[in-house]
Amino acid sequence: MEHEQFITQNTASGPNSTTKTEPFVKVIAIISTLGGLLFGYDTGVISGALLFMGKELHLTPFTTGLVTSSLLFGAAFGALAAGHLADSAGRKKIIILLAIIFAVGAAGTAMAPDVNWMIFFRLVLGLAVGGAAATVPVYIAEIAPANRRGQLVTMQELMIVIGQMLAYITNATFHEIWGGDTTWRWMLAIATIPAIMLWFGMMFMPDTPRWYAMKGRFAEARRILERTRAKEDVEWELTEIEETIEENRHKGKGKLRDLATPWLAKLFFLGIGIATIQQLTGVNTIMYYAPTVLKMSGLSTDAALFATIANGVISVLMTFVGIWMLGRIGRRPLVLIGQIGCTACLFLIGLVCMLPEFHANGGVNLVRCYMILAGMLLFLSFQQGALSPVTWLLLSEIFPTRMRGICMGGAVFSLWIANFIISMAFPLLLAYFGLAGAFFIFGVIGIGGGIFVIRCIPETRGRSLEQIEHYFYAKYNSSAKVKGLLNTIEKRKV
């Protein structure tokens with residue numbers, strides 16, 4: 001295929017071209033993103049359970065941090081392993097395996113007799129969470145039509161925040177009805193239900209046409225395209241996939257050493273940057289430690305747990321907004337809006353935290369408490385409505401087919417390592433710098449993230465995955481001939 005081919009926008013797939021096949025694609029997306037729901041629930045449930053498990057498990061500040069962050073550490077290596085295995089074994093088989101690991105991890109944490117077993121099973125859960133984060137967006141991106149890819153891939157982010165909201169609601173409900181001190185294990189155990197649903201549902205789902213084509217199974221690739229595309233789109237997309245696979249065939253199976261290729265190395269580091277800036281906003285300090293922060297601000301345990309539900313609700317509502325906006329304004333502007341908005345909110349929360357904690361009469365300054373909560377909700381509006389959905393979408397799009405699993409695994413590995421470090425550091429930041437200082441630190445980091453977004457984030461809207469691959473080949477290749485071709489392409493781009 002000539003490299004000029006990639007510049008044309010994907011006009012073959014019009015807005016109504018997938019009408020007959022859309023229900024099947026949606027079913028695939030809903031079932032596979034149960035992995036995202038588990039991701040969200042398992043990362044969110046710990047925020048409330050921590051308030052109650054400490055006495056029984058004899059938690060110290062250090063082991064509290066380990067219980068929280070061990071999942072994140074496991075997730076980093078789960079992403080790395082799943083990304084590599086998904087290229088060889090297939091996206092579908094890896095998701096089925098992850099469902100089993102989710103169930104084992106959830107049951108294990110619910111029955112953990114002491115802190116050591118709790119940390120171990122949180123690590124096991126982390127393997128599944130990281131694997132799902134690396135595999136599910138790729139699975140959907142490769143199976144969805146180009147004109148629906150943005151909305152369907154961001155269903156993963158929607159399910160993550162729904163999972164977190166359900167975790168917050170579960171925490172508050174169990175505590176309100178039965179008392180959290182005796183029911184925190186049930187908070188953790190409920191996650192086995194969607195894990196079983198994911199395992200069962202994926203047994204009936206296909207693998208992706210691009211993975212079948214990569215393995216030389218073109219008849220199966222065609223069959224999946226016929227079930228997920230309009231009839232008039234099957235031939236041109238299969239031809240595009242075949243030509244791209246053929247171009248890469250002489251290079252063999254994607255290997256880690258291929259990342260030494262200059263243009264691939266640049267693309268890989270772009271992916272790491274995209275993954276990392278989402279975490280450097282400090283979003284998961286709010287998602288994991290919201291009840292802790294609100295208790296520090298002066299709210300009671302009941303009020304803190306109940307108020308945290310608002311974080312989950314806003315996250316879900318704003319993710320719907322983000323999915324709607326993706327179809328209208330593109331990837332790059334949305335990332336920029338999210339990054340600038342999050343950074344501004346971090347400084348706002350820091351300023352509010354500097355207000356007096358108590359009234360002159362000694363009572364808790366509830367205005368300050370609820371202004372901190374309002375700042376969190378505004379922050380999550382920008383994070384979940386703009387930055388997070390585009391992060392997962394871009395990561396699923398930008399890497400070439402033969403390297404997609406490895407690169408996605410590496411990028412998500414960096415995301416989880418950043419998450420792990422931040423989650424471990426946040427209690428220390430609170431201890432040494434207080435609420436205001438901790439949020440100001442993340443605000444300063446956010447300014448650096450904004451510079452990265454302005455300089456580096458691409459626009460991929462409207463292109464097929466093969467067209468995106470050729471775009472980056474031209475953009476990051478040092479060849480003068482290829483650079484000249486890219487200039488011509490950009491001038492002709494619609």
Side-chain angles (χ1 to χ4, degrees), residues 25-44 75 78-79 82-83 86 91-92 94-96 98-99 102 128-146 148-167 191 194-195 197-198 201-202 205 208 228 271 274-275 278-279 283-284 287 312 315-327 331 334-335 338 380 383-399 404-405 407-409 411-413 415-416 419 460 465:
V25 178
K26 285 182 177 178
V27 169
I28 292 172
I30 290 169
I31 290 175
S32 61
T33 53
L34 285 172
L37 185 138
L38 285 158
F39 172 165
Y41 188 90
D42 288 322
T43 55
R91 286 56 163 136
K92 171 185 171 177
I94 295 303
I95 296 173
I96 290 173
L98 292 172
F102 268 122
V129 167
T135 309
V136 172
V138 168
Y139 176 75
I140 300 173
E142 289 188 345
I143 213 165
R148 295 285 292 154
R149 190 174 63 241
Q151 285 78 12
L152 291 174
V153 171
T154 49
M155 279 184 65
Q156 167 78 348
E157 175 64 20
L158 176 61
M159 293 293 267
I160 291 171
V161 295
I162 287 175
Q164 289 172 331
M165 182 183 70
L166 290 176
M197 292 171 61
L198 175 63
M202 286 302 299
M205 294 298 105
T208 73
T228 58
I274 291 171
Q278 186 230 20
Q279 291 301 311
V283 56
N284 283 317
M287 302 309 289
S315 294
V316 171
L317 293 177
M318 292 310 299
T319 301
F320 277 114
V321 173
I323 292 172
W324 177 80
M325 291 175 67
L326 268 174
R331 281 56 156 163
L334 208 54
V335 176
L380 289 172
Q383 177 77 35
Q384 310 293 14
L387 190 55
S388 288
V390 187
T391 297
W392 294 109
L393 178 56
L394 284 171
L395 290 177
S396 72
E397 292 179 328
I398 64 174
F399 300 122
R404 187 166 291 131
C407 291
M408 183 71 167
V412 178
F413 173 84
L415 181 150
W416 285 110
N419 194 348
T460 57
L465 296 179

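Contact record, Arg91 with Arg404: NH2-CB, 4.3 Å, taken as the closest heavy-atom pair. When every heavy atom of Leu98 is checked against every heavy atom of Gly131, the shortest pair comes out as CD1-C, 3.3 Å. The minimum heavy-atom distance linking Lys26 with Leu152 is given by the pair CG-CD2, 4.5 Å. The two residues Ala167 and Tyr41 have their closest heavy-atom pair at CA-CE1, 3.5 Å. Considering every non-hydrogen atom in both Leu395 and Ala411, the closest pair reads CD2-CB, 4.0 Å. Contact between Ala75 and Trp416 at its shortest, heavy atoms only, is CB-CD2, 3.3 Å.
By the side-chain contact (heavy atoms from CB on, under 4.5 Å) test, Met165 is found to be paired with Ile169, Val313, Val316, residues two or more places apart in sequence or in another chain being considered. Residues satisfying the side chain to side chain donor-acceptor pair (under 3.5 Å) test with Glu157, not counting sequence neighbours, are Trp392. Here Gln164 pairs with nothing under the side chain to side chain donor-acceptor pair (under 3.5 Å) rule; sequence neighbours left out. In this structure Asn419 satisfies the side chain to side chain donor-acceptor pair (under 3.5 Å) test together with Gln279, Tyr288, Ser423, sequence neighbours excluded. With sequence neighbours left out, Glu397 forms a salt bridge (charged side-chain N to carboxylate O under 4.0 Å, His left out) with Arg149, Arg331. With sequence neighbours excluded, no residue forms a side chain to side chain donor-acceptor pair (under 3.5 Å) with Gln156.
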### Message
As a quick check of understanding, evaluate side-chain contact (heavy atoms from CB on, under 4.5 Å) for Gln278 and Leu415, giving each step before the final call.
### Response
CA-CA 8 Å; Gln278 186 230 20; Leu415 181 150; 3.5 Å; yes

### Task
Please report the C-alpha distance between Leu380 and Val161 in whole Å, then the side-chain angles of each, then the deciding distance to 0.1 Å, and finally whether the side-chain contact (heavy atoms from CB on, under 4.5 Å) criterion is met.
CA-CA 11 Å; Leu380 289 172; Val161 295; over 6 Å; no

### Task
Could you walk me through whether Val129 and Phe102 pass the side-chain contact (heavy atoms from CB on, under 4.5 Å) test, one step at a time?
CA-CA 8 Å; Val129 167; Phe102 268 122; 3.7 Å; yes

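Residues Ser388 and Gln383 have side chains that bring a donor and an acceptor to within less than 3.5 angstrom of each other. There is a side-chain donor-acceptor pair under 3.5 Å between Thr208 and Glu142.
Distance check, rounded to the nearest 0.5 Å: OG1 of Thr319 to CE of Met159 gives 12.0 Å. Rounding to the nearest 0.5 angstrom, the gap separating the CG atom in Leu158 from the CD atom in Gln384 is 10.0 Å. Separation of atoms CG (Leu394) and CD1 (Ile274) is listed at 5.0 Å; rounding is to 0.5 Å. Ile323 contributes atom CD1, which lies 4.0 Å from atom OG1 of Thr154 (distance to the nearest 0.5 angstrom).
Within the 4.5 Å cutoff, the side chain of Pro137 has no heavy atoms near those of the Ile140 side chain. Side-chain contact between Val283 and Leu387: absent, with no pair of heavy atoms (C-beta onward) separated by less than 4.5 Å.
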Sequence neighbours left out, cut at 3.5 Å: what donor-acceptor pairs do the side chains of residues 31-40 make with other protein atoms?
unit_1	atom_1	unit_2	atom_2	d
Ser32	OG	Ile28	O	2.9
Ser32	OG	Ala29	O	3.2
Thr33	OG1	Ala29	O	2.6
Thr33	OG1	Ile30	O	3.1

